[in-house]
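Every chain is numbered from 1, with letters handed out A, B, ... down the list of sequences.
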Protein chains: 2
Amino acid sequence: MSYFRSRIVIVEDNDAVREGFSLIINSVSNYYVVNGYDNAEDAIKNLKKDKPDIMLMDLELPGMNGIDAINIIKKSSPHIQLIVNTIYENSDLVFQALCGGASGYITKNTSHSELLDAIDEVTNGGAPMSSKIAKMVVASFQKNPNSPLSARETEVLELLSKGKSYSMIAQDLFVTKETAKSHIKNIYSKLQVHSKSEAIAKATKEKLI
Amino acid sequence: MSYFRSRIVIVEDNDAVREGFSLIINSVSNYYVVNGYDNAEDAIKNLKKDKPDIMLMDLELPGMNGIDAINIIKKSSPHIQLIVNTIYENSDLVFQALCGGASGYITKNTSHSELLDAIDEVTNGGAPMSSKIAKMVVASFQKNPNSPLSARETEVLELLSKGKSYSMIAQDLFVTKETAKSHIKNIYSKLQVHSKSEAIAKATKEKLI
DNA sequence: TTTAAATCCCCCTAATCAGGTGAGAAAGCC
DNA sequence: GGCTTTCTCACCTGATTAGGGGGATTTAAA
């Protein structure tokens, strides 16, 4: 744990919630809230002045949304640890926030002590997540168990998705080019597509690869 | 929380550790350890008999390794929740375990109460992870901030990685095919590659896309 | 004012892609 | 035993592509 008090900025449009967070965070000695904003624009404008180590960021904000804010903040100040705090558990939002550089994602049913735990965790280089979010993140690594494709076809599609040509796939799998083509034809027929890009798009969407 | 005691199987080659876990888990009312094994083969053989709801799985085992075991167990009994418990924090192992269907990944510096917390969490549909593991998982969503590629080039490479042809990329970006080609030439030169597959491989490895 | 980025154009050749049609061997299922 | 799927291989065709070469212009940042 740091010997310095980490500087925290809160971006949250609900005044009561924002002030509640401030009180909680300021009640412990390791942290203090340097500023709170009800919109992302003002928070971004004052980054240089506030010098936050950690930001608590709501996603549903008036004006600029939280996802865009995360991208802007992380580009200009990559050292800032962003913790998303929102009611949304929509998977697109979660992955957009994480891809944009959020260090954690906690939902708004979080207790005061859990909020402080989350701040502790990013301070120690962790990645705090609500239980449901962690589950979504872990699930994103796993394939669809109901794939219509055979093991070999999946293998071929994986190589196709790596940009390999028919002949390269054939080489990798120690078969002839005609065999690779044959697999691809069957993949197209099963997925009801007519090109590499459609096949990869469908396979990615349905987590077949 | 369930009204039934969840059935737990432990796969762990260190006898003392395995028996320690059993004692801890059996000391709470929600769970009981139906069996413990010092290798994956025996655990897999007895799946039908043991009917575990949750398995605690070490990765470094004599004979079959834990990753292969996870894949086999998840294929035959997808309802089983697997919690990896290992000393390894190697990123390849973590992602292999998660891709294979592990529900959680905790490292061996975990306290007794944290172990029980992890079991509680999978019981409630969560995905328990050690702090470092969660950080690795979240980091896997984020791009390399030191990419040599321009924003436009990254965009082009992303489309290329989706299997799109030069002309499709041009259409998507509302430019001519020659422009798309020009970007791709620059990408190849910057990445020092000479084909789609090499570019995608390098970009994926270095998280440029 | 030099550099990088983004756009566009021409030429070239070998290779690729997608479709059709057909077929043999092995494995699994009822 | 018969059925289906899977994996393997082959030939044909026509349109497109990929990757390389050579340039050029405009804008914006350093």
### Task
Tell me whether the OP1 or OP2 atom of D/dA18 has a side-chain N or O from B/Tyr188 closer than 4.0 Å.
no
### Query
Side chain of A/Glu206, backbone of A/Lys202: donor and acceptor closer than 3.5 Å?
no
### Task
Decide yes or no for A/Leu191 and A/Leu157: does some side-chain heavy atom of the first lie under 4.5 Å from some side-chain heavy atom of the second?
yes
### Task
May I ask you to verify whether the side chain of A/Ser182 and the base of D/dT8 hold a donor-acceptor pair under 3.5 Å?
yes
### Flag for A/Tyr37-A/Asp58: side-chain donor and acceptor within less than 3.5 Å
no
### Query
How would you list, by chain and number, every residue that makes a ring pair (Phe, Tyr, Trp, His ring centres under 6.0 Å) with A/Phe141, sequence neighbours excluded?
B/Phe95
### Task
Enter the inter-axis angle for the ends of the helix from C/dT1-D/dA30 to C/dC30-D/dG1 (five pairs per end, rounded to 10°).
70°
### Query
First contact, last contact: which nucleotides of DNA chain C are these for chain B, 5' to 3', heavy-atom distance under 4.0 Å?
C/dA5 to C/dC11
### Query
Considering only heavy atoms and no angle criterion, is a donor-acceptor pair shorter than 3.5 Å present between the side chain of B/Lys196 and the base of D/dG19?
no
### Task
Compare side-chain N and O positions of B/Ser165 against OP1 and OP2 of D/dT17 and report whether any pair is under 4.0 Å apart.
yes
### Message
Using whole Å, what does the distance between atom P of nucleotide D/dG23 and atom CG of B/Asn186 come to?
### Response
16 Å
### Query
How would you label the contact of A/Thr176 with the nucleic acid (heavy atoms, under 4.0 Å): base, sugar-phosphate, or nothing?
sugar-phosphate
### Message
I'd like to know whether B/Thr179 forms a side chain to side chain donor-acceptor pair (under 3.5 Å) with B/Thr176, so could you lay out the CA-CA distance, the side-chain angles of the two residues, the decisive distance to 0.1 Å, and finally the verdict.
### Response
CA-CA 5 Å; B/Thr179 303; B/Thr176 65; 3.1 Å; yes
#### Entry: Student check: side-chain heavy atoms of A/Leu160 and A/Ile209 closer than 4.5 Å
no
### Summary
Nearest-nucleotide check on DNA chain C, A/Lys177 vs B/Val175; residue mapping nearer the 5' end is B/Val175
